[in-house]
Amino acid sequence: MDDPFGTTAIRERVLAAWTASPARFREDANAEEDHTRGGYRDRVIVELAQNAADAAARAGVPGRIRFDLRDGVLHAANAGAPLDAAGVEALSTLRASAKRDDTHAVGRFGVGFAAVVAVSDEPVIVSDAGPAVAWSAERTRAAAEAVPALAAELGRRGGHVPVLRLPFAAPARPVPEGYDTLVRLPLRDADADALVRRLLAETGPALLLSLPALAEITIDVDGDVRTLRATWDGPAEGAVTGAVTVNGTTWRTAEAHGTVTAELLADRPVEERPYWQVRWAIADEPLPDDVPAVVHAPTPSDEPLGLPALLIASFPLAPDRRHVAPGPLTDFLVERAAEAYTALLPPTPRLLDLVPGPVAKGELDARICRAILARLPDLPLLPVAEDPRAAAYAGLGEAPGDVSGERIDPRREPGGLGGEAVRVRGRDAVVVDGPAALPGVLSEVVPGLLPAGWPARHPALAALGVRRLSLADVADALAGLDREPAWWRRLYAALDGADRDALAGLPVPLADGRTVRGPRGLLVTEPEGLDALGLRVVHPEAAHPLLLRLGAVEAGPRAVLTDAATRAAVAASYDEEDPEPIWHAVLTLVRRAHLRPGEEPWLAELALPGDDGEPYPAGELLLPGAPLAEVIADDAPFGVADVGLVERYGAEVLEAAGVLRTFALVRAEDVIEPEFHLDDEEPWAEGFGAGYVIPEFTAVRDLEFVADWEGAFRLLAEPDLRAAVVEPARVVLADGRQVDAPSYTAWWLRRHPVLNGRRPDELCLGEDLADLYDPAPPGLDPGIAAALGVRTTVAALLAEPDGPAELLDRLADPARTVSRERLRALWAALAETDLDVEPPDHLRALVNGEPEIVPAEDVIVVDRPDLLPLLRGQPLLFVPPHVAELLDLALGGDEVPGVIGSAGEERAVPDAARAVLPEAPASYVHHDRLIVDGQEVPWWYADGTVHASGPAGLARGLAWACDRWPDRLLTEAALREPGNLPDLLAEEDLGG
């Protein structure tokens with residue numbers, strides 16, 4: 001078999017060295033074992049791809065590699081320079097690479113191929129379908145066993161040998177079409193097969209990004225094929241950034257390279273390459289899952305990287321080939337990596353996700369992040385919505401003295417701003433925490449403002465030194481800004497949907513040229529003709545719905561009319577030299593608002609011209625021909641409205657503004673103490689005590705000026721005025737109780753002689769009290785009459801607090817005539833009333849059956865019917881005994897001694913009487929002539945015994961004793977004609 005690679009000579013030299021020094025065999029075995037079980041234990045795919053990249057670079061062709069795994073064998077075919085004798089020798093030695101003078105090669109030191117031994121004991125390399133070279137654990141073991149000096153060492157190692165130290169010529173094998181070299185790796189066992197499958201599955205864009213010479217990777221696992229392809233667009237001349245597309249995903253790259261000075265290599269091996277390289281790659285999306293977040297040097301290390309980017313740099317590695325070795329070279333490359341990274345940052349919000357966070361994933365990651373963060377605030381990285389050197393400064397912080405802006409070409413910047421853009425330093429930039437449309441408006445007045453789409457609360461902005469403005473800050477800072485109203489409207493449109501509280505102090509231009517802070521209370525309306533009122537009306541060109549949501553009022557005529565400024569103008573109008581502009585504006589609003597009289601009582605203060613040319617408050621003017629003018633006194637303090645004013649605005653408008661056609665109403669809510677300049681309003685309220693509240697107060701004013709009360713009551717019968725009279729005032733007392741009291745108007749009318757020169761409570765309506773009171777004028781509204789205290793019925797009179805005392809006074813009036821029957825009914829009503837009165841001096845009582853007015857001290861209350869014969873000629877009252885006690889009157893039972901002066905005999909009560917009165921006593925005392933207190937009487941009841949001298953007296957005595965007084969006549973009839981008892985009882989049944 002031919003041996004074009006000189007494998008025999010290599011084996012002889014190695015075996016001779018082992019024979020001469022068995023320790024050398026041990027050293028080689030240990031070194032290979034360190035690599036295959038240490039730094040290269042899971043790098044077989046990466047190392048094969050790296051060798052393929054180097055081969056392509058040497059041949060100057062696009063690198064391609066194909067991995068095929070099936071039936072326990074991994075094939076790796078690559079395009080590029082074929083294997084030569086120097087390469088075979090390098091692969092069969094340790095740390096003696098054939099690529100040390102190749103500045104484009106990735107591999108170094110010649111140890112990467114050791115990774116194949118981690119999965120295979122029989123690797124084979126076939127170059128361009130020509131000669132092949134193989135390595136074999138079994139054949140190496142046999143060669144070593146032939147050297148007696150190595151027998152003992154082989155035993156101690158369990159037959160383990162350094163596989164790659166002895167190459168063997170191998171038969172030629174076919175290389176897949178389109179490829180130049182084939183590596184064949186029969187996998188050692190199931191574990192090796194599983195490891196290779198995992199490594200192939202994890203192979204992704206990172207491998208192509210770290211090996212630029214490699215353009216394509218094809219992976220075929222048991223017929224399942226996938227391909228990774230990379231298309232590189234290197235940096236433009238003089239730039240450091242470029243791009244590469246891997247399977248449709250574009251990665252932006254930034255790279256730098258150069259020569260390493262001798263000082264930086266002082267602590268490194270002699271064959272460390274004297275040049276350095278750094279490359280970053282980022283995608284538009286977060287780092288894909290199939291890209292390991294580690295530093296690549298240039299293949300993956302175990303150094304974690306927290307940035308969402310891929311870093312490939314020629315960091316020096318420690319002997320384990322897993323970690324970056326510390327030292328001057330690493331320090332130098334950290335700084336170069338930081339510089340290259342900042343060149344990669346796009347002028348889009350994606351930049352913020354690329355700014356290092358506060359927590360690093362390892363020492364090297366922390367150093368790289370610190371180096372990046374140290375550079376960011378001073379670099380012109382951020383785009384602005386407008387060139388800050390041309391923006392009008394609005395006072396939003398200090399104007400930057402040195403913007404340090406840098407123009408960028410958006411054609412070279414993905415996500416560019418369109419047209420030539422400007423980047424500024426973070427410390428010169430401002431971001432507004434508000435709606436997306438806001439920067440487009442504020443860019444005209446805010447220097448260094450970031451465009452729309454930049455998240456104001458992103459933590460990376462602080463690392464960049466960007467100043468964040470809240471909406472409240474913006475509102476405060478814009479207070480002194482002078483812009484046209486249309487600009488403010490654009491600002492409000494951009495702020496629509498923002499937090500309302502933050503916009504409370506937002507400046508708003510007014511129609512009169514002022515600019516005020518805060519929309520609350522401003523009016524959004526047509527300002528024409530309203531200048532005289534001093535209203536705060538939003539400029540029409542600035543009006544926007546946002547202002548309404550922030551408290552401005554979309555003001556129709558009524559809202560404008562009731563605005564505080566309008567009220568203030570009305571209140572001050574009387575003192576104006578020329579009040580016409582004010583009353584013209586106000587009356588125009590009243591007309592447009594269709595206001596009803598009395599709805600806005602404060603309008604009565606509006607100064608209006610009278611027919612004498614003098615100004616009057618509207619509430620002191622009468623409409624020409626007003627009904628009120630016919631009922632008030634000639635000297636009442638009212639003027640008459642100018643006729644021209646009436647013709648111009650109409651009587652209805654003037655009346656709504658307070659000019660009087662009829663009586664005016666005073667209305668108020670939650671009144672604590674009336675202060676309406678009403679006649680005697682204080683005495684009316686005194687009755688409520690301290691701490692009262694009147695939730696709704698209504699009163700008729702100007703009653704004290706009435707001369708014609710008959711005409712006045714016709715006016716008071718109008719609905720609104722009538723309600724102010726008849727509806728009681730609900731008063732909430734200090735203890736929380738609610739009571740109804742007569743309205744102020746009713747109270748005032750009660751106290752004045754307004755009905756035929758008499759007070760209302762001196763007159764009556766109807767027949768119930770006609771014998772005690774004079775009649776009220778005919779036609780008087782009954783509801784008004786009742787509210788004024790005009791007497792209507794006995795029951796209504798007695799229901800009033802002083803009603804019983806008044807009725808007693810009326811009964812004692814000699815000018816009044818009261819019949820016996822009427823007197824009996826009135827005393828019966830009084831007896832059912834709570835007579836909380838002072839005992840009167842005179843009373844109307846019955847004397848010998850006729851009503852007479854007598855001194856109260858002479859009146860006797862008849863409390864027993866048997867007393868009547870003894871009280872003839874005395875003034876008597878037939879009321880319950882409690883009335884006698886309340887009025888301090890004498891009781892008949894107390895005034896009559898009741899001494900029986902005749903003898904009688906006890907007899908049984910007749911059966912006829914018992915038939916009517918079953919509960920009657922069994923006996924009574926019969927007298928031929930019954931004498932009591934020296935007078936003959938028909939019956940007497942004393943100590944539970946009935947005394948009687950005949951049927952009439954016995955019947956009455958028994959009825960009284962049984963408390964059956966109404967049955968006395970039936971009992972008398974039964975006693976007189978016992979034979980008629982059945983008929984009498986039947987008649988009683990019919991009557992019952």
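Just so you know, these numbers use all the heavy atoms, side chains as well, and skip hydrogens, waters and symmetry mates.
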*Asks:* Can you tell me how far apart CD1 (Ile368) and CG (Leu307) are? Round to the nearest 0.5 Å.
*Replies:* 7.5 Å
*Asks:* Begin from the C-alpha positions of Asp191 and Val119 and carry the test side-chain contact (heavy atoms from CB on, under 4.5 Å) through to its verdict.
*Replies:* CA-CA 8 Å; Asp191 289 341; Val119 297; over 6 Å; no
*Asks:* For the CD atom of Glu335 and the CD1 atom of Ile372, what is their distance to the nearest 0.5 Å?
*Replies:* 10.0 Å
*Asks:* Does the side chain of Phe25 come within less than 4.5 Å of Arg157's, by heavy atoms?
*Replies:* yes
*Asks:* Got a second to check how far Ile65's CD1 is from Leu182's CG, nearest 0.5 Å?
*Replies:* 10.0 Å
*Asks:* Tell me whether Ser21 contacts the main-chain N or O of Trp18 through its side chain, where contact means a donor paired with an acceptor under 3.5 Å.
*Replies:* no
*Asks:* Is there a side-chain contact between Leu351 and Leu464 in this structure, where contact means two heavy atoms from C-beta onward sitting under 4.5 Å apart?
*Replies:* yes
*Asks:* Which atoms form the tightest heavy-atom contact between Leu344 and Ala254, and what is the distance?
*Replies:* CD1-N, 3.5 Å
*Asks:* Which atoms form the tightest heavy-atom contact between Gly453 and Pro349, and what is the distance?
*Replies:* O-CG, 3.2 Å
*Asks:* Within the 4.5 Å heavy-atom criterion, are Pro176 and Arg66 side-chain neighbours or not?
*Replies:* no
*Asks:* Working to the nearest 0.5 angstrom, can you tell me the gap between Asn247 CG and Ile217 CD1?
*Replies:* 10.0 Å
*Asks:* Ser92 and Trp135: side-chain donor and acceptor closer than 3.5 Å?
*Replies:* yes
*Asks:* Spell out, as yes or no, whether a donor-acceptor pair under 3.5 Å connects the side chain of Arg188 to the backbone of Ala118.
*Replies:* yes
*Asks:* Just wondering, do His296 and Arg279 contact through their side chains at under 4.5 Å, heavy atoms?
*Replies:* no
*Asks:* Just wondering, are more than 12 heavy atoms of other shown residues or ligands nearer than 6.0 Å to CG in Asp71?
*Replies:* no
*Asks:* Any Lys/Arg nitrogen of Asp284 or Arg350 sitting under 4.0 Å from an Asp/Glu carboxylate oxygen of the other?
*Replies:* no
*Asks:* Should Arg197 and Asp193 count as an ion pair when the cut-off is N to O under 4.0 Å?
*Replies:* yes
*Asks:* Quick one: does Arg24's side chain have a donor or acceptor within less than 3.5 Å of a partner on Val14's backbone?
*Replies:* no
*Asks:* Show the nearest heavy-atom pair for residues Gly80 and Asp180, with the distance to one decimal.
*Replies:* N-OD2, 2.6 Å
*Asks:* Which atoms form the tightest heavy-atom contact between Gly223 and Arg70, and what is the distance?
*Replies:* N-NH2, 3.0 Å
*Asks:* Between Glu303 and Arg367, does any NZ, NE, NH1 or NH2 come within less than 4.0 Å of an OD or OE carboxylate oxygen?
*Replies:* no
*Asks:* Going by heavy atoms in the side chains, are Pro205 and Trp251 under 4.5 Å from each other?
*Replies:* yes
*Asks:* Please tell me whether Thr261 and Glu263 have a donor and an acceptor in their side chains that are separated by less than 3.5 angstrom.
*Replies:* yes
*Asks:* Compare every heavy atom of Thr181 with every heavy atom of Val175, then report the nearest pair and how far apart it is.
*Replies:* CG1-N, 3.9 Å
*Asks:* Between CD of Glu89 and OG1 of Thr7, what distance do you get to the nearest 0.5 Å?
*Replies:* 11.5 Å
*Asks:* For the pair Arg322 and Asp42, find out whether any cationic side-chain nitrogen is under 4.0 Å from an anionic carboxylate oxygen.
*Replies:* yes
*Asks:* Would the distance check show the side chain of Arg336 and the main-chain N or O of His257 forming a donor-acceptor pair, the cut-off being under 3.5 Å?
*Replies:* no
*Asks:* Would you check if the side chain of Asp121 reaches a backbone N or O of Ala137 as a donor-acceptor pair within less than 3.5 Å?
*Replies:* no
*Asks:* Could you check if a side-chain atom of Val334 sits within less than 4.5 angstrom of a side-chain atom of Phe315, using non-hydrogen atoms only?
*Replies:* yes
*Asks:* Stepwise, does the side-chain contact (heavy atoms from CB on, under 4.5 Å) test hold for Leu214 with Asn78?
*Replies:* CA-CA 10 Å; Leu214 203 57; Asn78 67 271; over 6 Å; no
*Asks:* Go through Leu333 and Val324 one step at a time and tell me if the side-chain contact (heavy atoms from CB on, under 4.5 Å) criterion holds.
*Replies:* CA-CA 11 Å; Leu333 290 175; Val324 172; over 6 Å; no
*Asks:* When rounded to the nearest 0.5 angstrom, what is the spacing between OG1 in Thr203 and CZ in Arg226?
*Replies:* 6.0 Å
*Asks:* Using a 4.5 Å cut-off on heavy atoms from C-beta on, say whether the side chain of Val278 contacts that of Leu311.
*Replies:* yes
*Asks:* Looking at Pro186, is its backbone amide N or carbonyl O close enough to the side chain of Ser120 to form a donor-acceptor pair, meaning the two atoms are under 3.5 Å apart?
*Replies:* yes
*Asks:* Identify which one of Val124, Asp3, Thr8, Thr140 satisfies the side-chain contact (heavy atoms from CB on, under 4.5 Å) criterion when paired with Phe168.
*Replies:* Thr140
*Asks:* Applying the side-chain contact (heavy atoms from CB on, under 4.5 Å) criterion to Leu91, which one of Ile10, Val116, Leu164, Ile125 satisfies it?
*Replies:* Ile125
*Asks:* Could you tell me whether the side chain of Arg43 and the main chain of Pro300 form a donor-acceptor pair under 3.5 Å?
*Replies:* yes
*Asks:* Without swapping roles, check the side chain of Arg141 against the backbone of Val161 for a donor-acceptor pair under 3.5 Å.
*Replies:* no
*Asks:* Distance-only, no hydrogens or angles: does the Tyr341 side chain make a donor-acceptor pair with backbone N or O of Ala371 under 3.5 Å?
*Replies:* no
*Asks:* Given side-chain contact (heavy atoms from CB on, under 4.5 Å), test Leu345 with Leu376 step by step and report yes or no.
*Replies:* CA-CA 10 Å; Leu345 300 176; Leu376 294 183; 3.7 Å; yes
*Asks:* Would you say that Ser314 contacts Leu329 through its side chain, given a criterion of any heavy-atom pair below 4.5 Å between the two side chains?
*Replies:* no
*Asks:* Write down the atom of Val246, the atom of Ala230, and the distance for their closest heavy-atom approach.
*Replies:* CG2-CB, 4.1 Å
